[in-house]
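Here the structure is a predicted model, which means the values were calculated and not measured. Scope of the values below: all heavy atoms of this structure, side chains included, with no hydrogens, waters or symmetry mates.
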Amino acid sequence: MDWLLPALPVPTLVAFAVLAVAPVPLSPRTTHRIAIAASATTVLAVLPFALACLLHGRCTVGPLAVTSTPEIGAIDHALGVVLDPLGLVTAATVALVSLMVVSFATAFMRGEGTADQRRFFALMALFETAMLTLVIAADAVVLFLGWELVGLCSFFLIAYDTRSAASLAAGRKAFVMTRIADAALFAGLALLFVDNDTIQLAAMTESVETSPDARDKAALALILVGALGKSAQVPLQTWLPDAMAGPVPVSALLHSATMVAAGVFLLARFAPVMEAVPAIGYATTGLGLATALLGGVAALAQNDIKRLLAYSTVSQIGYMVMAVGVGAVGAAMAHFAMHAAFKALLFLSAGLLSEAAGHSRELADLRGSRRRAPGAFWAFAAGAVSLAGLPFLSAGWFSKEAILAALWGAGAFGPMLWTGAVLGAGLTAGYARRPLIALARAPLGHAGEGRGPSASDHSLGAEMAIPLAVLSAMALAGGLGVEALARFVAGGETGGHAGAETLLLAGGIAAAVLGAALAVLLAARARTFAGSRAAAVMRGGLGIDALYRRRVVAPASAGIAAIADDPAARGFVAAVAAPVGPVATLAANDPLGRRLDASRSAMSPARRALGDRAERAFAALARLVARLARRSRRLLTGRARDYAVAAALGAALLLGLATGMAWN
Amino acid sequence: MTEAAFLGLLAVAGGLFAIGLAGLVLRRTVLFQLLALEVMLSGPALAFVAAGARHGAAEGQAMTLLVIALAAAEVALGLALFLRLRRGEVGTDADAAATLRH
C-alpha cells in the first residue's frame with residue numbers, strides 16, 4: 001500500500017494537466033466530471049491509509065524516498081514523502097473539503113464561460129495537488145515546492161476575475177504579502193540545511209531539538225515568519241480580507257483547508273522544537289493571541305458578509321497558532337479540521353445567500369434571506385453556530401474548548417493566555433451571531449424591492465445540496481470526534497489539565513452566551529454603532545492595512561515613480577520591456593482557450609483537434625520548397641562564363657584553405 | 001636551378017593561368033574562349049616542368065606531356081562543338097548558347 005502515498009497528489013495533478021493543456025475542446029459538463037472525479041479519487045486514495053490506521057494501528061507510512069540518491073559527500077538530499085497522524089488528519093480534511101467545494105462549484109460556476117470554467121477547475125485541482133504535496137512532504141524541498149504552488153494557485157484564483165481591477169489588486173496583494181513570508185521561510189529552511197547537511201524535516205527538527213544554537217533559533221524565527229504570512233497572522237494578516245475578491249468556492253477552499261492552513265501545518269510540523277526553543281514558542285503564542293483578538297474585533301464591525309468571514313478566519317487561525325505555540329498540536333489540528341468544515345460551509349452558503357439577494361454582500365441587503373433561500377440559510381446557521389461555539393451542540397465548541405484547556409495548562413502564563421482566548425471566544429460568538437440576526441430579520445423596505453421573486457426560485461441541485469448537508473453534519477456533529485482526533489495527532493497524549501474543569505467550562509459557556517448577547521446589543525443599536533468612528537476603525541482592521549499603505553506601499557510607489565521619470569531609467573525599462581509586450585499580448589489573447597472555444601465541426605477527431613491547421617501547415621511546406629527551388633535556379637544561368645567564374649572562385653577558396661591549413 | 005629562377009617560373013605559370021582565365025571569363029566568342037583555355041592549360045604545364053626541374057624528378061615532364069595530350073584532345077572536341085554551333089541558329093556567342101539545345 002505504501003506505493004499509494006506518493007500517488008496521493010497525482011489524480012488532481014492529472015486533472016489539472018488535462019484541463020489546462022489538453023488541446024481538445026471540453027464541454028463544461030466534461031470539465032465538471034473530470035474535476036469531481038479527480039477530487040473523489042483523492043478521497044478514495046486517502047481512505048486506505050485511514051482504514052489501515054483505524055483497523056491495524058498502522059498510522060505512519062514512510063518516510064519513503066522517491067528519488068534514487070547518489071551520495072554527494074555527507075549530505076542527505078533524498079526527496080521523500082511521509083504520512084504521520086498529523087499528515088493523515090490534514091490530508092483527509094483537505095481531500096474531503098476539496099471534494100465538497102469542487103462539487104458545489106460545478107453548480108455554482110455554471111454561468112461562467114467555457115474557457116473560464118476550464119481555467120477555474122484546472123487551478124482548483126492544482127490547488128489541491130499543491131496542498132497534498134505540502135502535507136506529505138518528508139523533506140524541505142518537496143515541502144517548499146508544495147508551499148509555493150499553494151501560493152501561486154491562490155494568486156491565480158483570487159485574481160480569477162481578470163476583468164475586475166479589484167480582484168487583480170487583491171491577487172497581487174496576496175501574492176506580494178505571502179512572498180515576503182515565503183522568502184523568510186526559504187531562508188530559514190536553507191539555514192537549517194546548511195547547519196545539518198540534510199533536507200529531511202525529521203532530521204532537522206531532531207537536531208534542533210537536541211542542541212539548539214543561535215543559528216537554529218534564527219532559522220526557526222524565519223520559518224515562523226513564513227508560517228505567519230501564509231496563515232494571515234499578525235503582522236502579515238492584511239492580504240486575507242482582500243482575498244475574498246475571488247469567487248465563492250475559492251474563498252471556501254482557501255479559508256478552510258488549503259492556503260491559510262498551510263502555515264498552521266508548517267508550525268505543527270516544527271512543533272517539537274517549540275519546547276526546545278521557548279522563545280519561538282512564546283512568540284508564536286503571543287502573535288496567535290494578538291491575531292485572534294484583532295480578527296475578532298475587526299470581524300465584529302464588518303458589514304460585508306464575506307469580509308466578516310475573512311476576519312473570522314484570521315481570528316480562528318490565530319487560535320490554532322496559539323495552540324501550536326503551547327505545544328498542543330492535537331488541539332490545533334482538531335480545530336483545523338472542524339474549522340475547515342464549518343468555514344467552507346459558511347462561505348458556500350453565504351455565496352448562495354448573496355446570489356439570492358441580487359449579488360449583494362451587505363448585511364443590510366441580505367435581510368430576509370431566511371425566507372428567500374431557506375436551504376442556504378439553515379446551512380449558514382449550522383456553520384455560524386459551530387463558529388460561535390454553541391456549547392455542547394457544535395463541533396466548534398469542542399475544538400475551541402480543547403484549545404482553551406491546553407492554554408490553561410501552559411505554564412505560568414497559562415491563565416493569562418486563557419483569559420485572552422476566552423475574550424476572543426466571546427468576540428467570536430458575537431460576530432458569528434450578528435449575520436444570523438440580520439439574515440433572519442425581515443427585509444428593509446427598499447432592500448427587497450426590485451429583486452423580484454426570481455431570486456427566491458433558486459433551488460439547490462444535488463451538486464450543491466449534498467456538500468452543504470455533509471459539511472453541516474460535520475459542523476454540528478464533528479465535535480464528537482474532537483477528543484479522539486486531538487489525542488490521535490498528539491500521539492496518545494491527552495492535554496493534561498488537572499482540576500479547574502468547572503472553571504474552564506463555565507468560562508467557555510459564559511463567553512458564548514455573552515458574545516451572543518453582545519451581537520444582540522449591537523443589532524439593537526445598529527444605526528448608532530455602524531456610523532461611529534470606532535466601528536470604522538474596527539472595520540478597517542484597526543488601521544494596520546492603512547498604516548502599511550502609508551508607510552510602505554506609498555513610499556515604494558513614489559520611489560518607483562521617481563525612478564520611472566528618469567529618462568535613462570525609462571529607456572532601460574523600455575528596452576527590457578520591449579520583448580515582454582508581444583508575449584503578454586499573446587498570453588492575454590489566450591490562443592489556447594480561444595481555439596478550444598472555437599466551433600467544433602463534425603469532422604474526424606484529428607480534424608476536430610487541429611482544425612485545418614495541419615492542412616495549412618502542409619501547404620505552407622510545399623510553398624516553401626517551391627520558393628527555395630525558384631531561388632536556387634537563378635544560380636544555373638547556363639552560361640559557360642559564369643560557371644568558369646564559379647569554378648575559379650571555388651578553386652581559389654580551396655587553395656586558400658589548403659594554404660591556411662599547411663601554414664602551421 | 002636557383003630558388004629565384006623557380007619562383008620566377010611559377011610566377012610566369014600563374015600569370016599564364018590568370019590571363020587564360022580572364023580570357024575565358026571576359027570573351028564571349030567561343031573560338032577565343034577555346035584559345036584562352038589553351039593559354040590556361042599552358043600555365044600548369046609550365047609549373048610542372050619547373051617543379052620537375054627543381055626536384056630533379058622525371059614526373060614533371062611526364063605530367064607536361066599528359067597536359068599537352070589533354071589539350072590536343074580538348075581542342076579537337078572544342079573545335080567540333082564550335083563548328084556545330086556556327087552552323088546552328090545560335091552562332092558563336094557563348095552566352096547565347098545557354099540551353100544546350102535548339
**Asked** Does A/T31 have any side-chain hydrogen bond (donor to acceptor under 3.5 Å, both in side chains) partners at least two apart in sequence or in another chain, and if so, which?
**Response** none

**Request:** Sequence neighbours left out, what passes side-chain hydrogen bond (donor to acceptor under 3.5 Å, both in side chains) with A/S164? Give chain and number order.
**Result:** none

**Prompt:** Residue by residue, which of residues 619-632 of chain A have a heavy atom closer than 4.5 Å to a heavy atom belonging to chain B?
**Reply:** none

**Part of B/L24 within contact of chain A (heavy atom distance under 4.5 Å)** =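 Contact with chain A is through both the backbone and side chain of B/L24.
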
**Request:** State whether the number of non-hydrogen atoms from other residues, nucleotides or ligands found under 6.0 Å of B/F6 atom CZ is greater than 12.
**Result:** yes

**Message:** Would you say that more than 12 heavy atoms from the other residues, nucleotides or ligands in this model lie under 6.0 Å from the CZ of B/F32, or not?
**Reply:**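 Open: at most 12 neighbouring heavy atoms sit under 6.0 Å from CZ of B/F32.
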
Could you show, one pair per line, the donor-acceptor contacts under 3.5 Å between chain A and chain B?
| residue | atom | partner | partner atom | Å |
| --- | --- | --- | --- | --- |
| A/R641 | NE | B/D95 | OD1 | 3.1 |
| A/R641 | NE | B/D95 | OD2 | 3.3 |
| A/R641 | NH1 | B/V25 | O | 2.8 |
| A/R641 | NH1 | B/L26 | O | 3.3 |
| A/R641 | NH2 | B/D95 | OD2 | 2.8 |

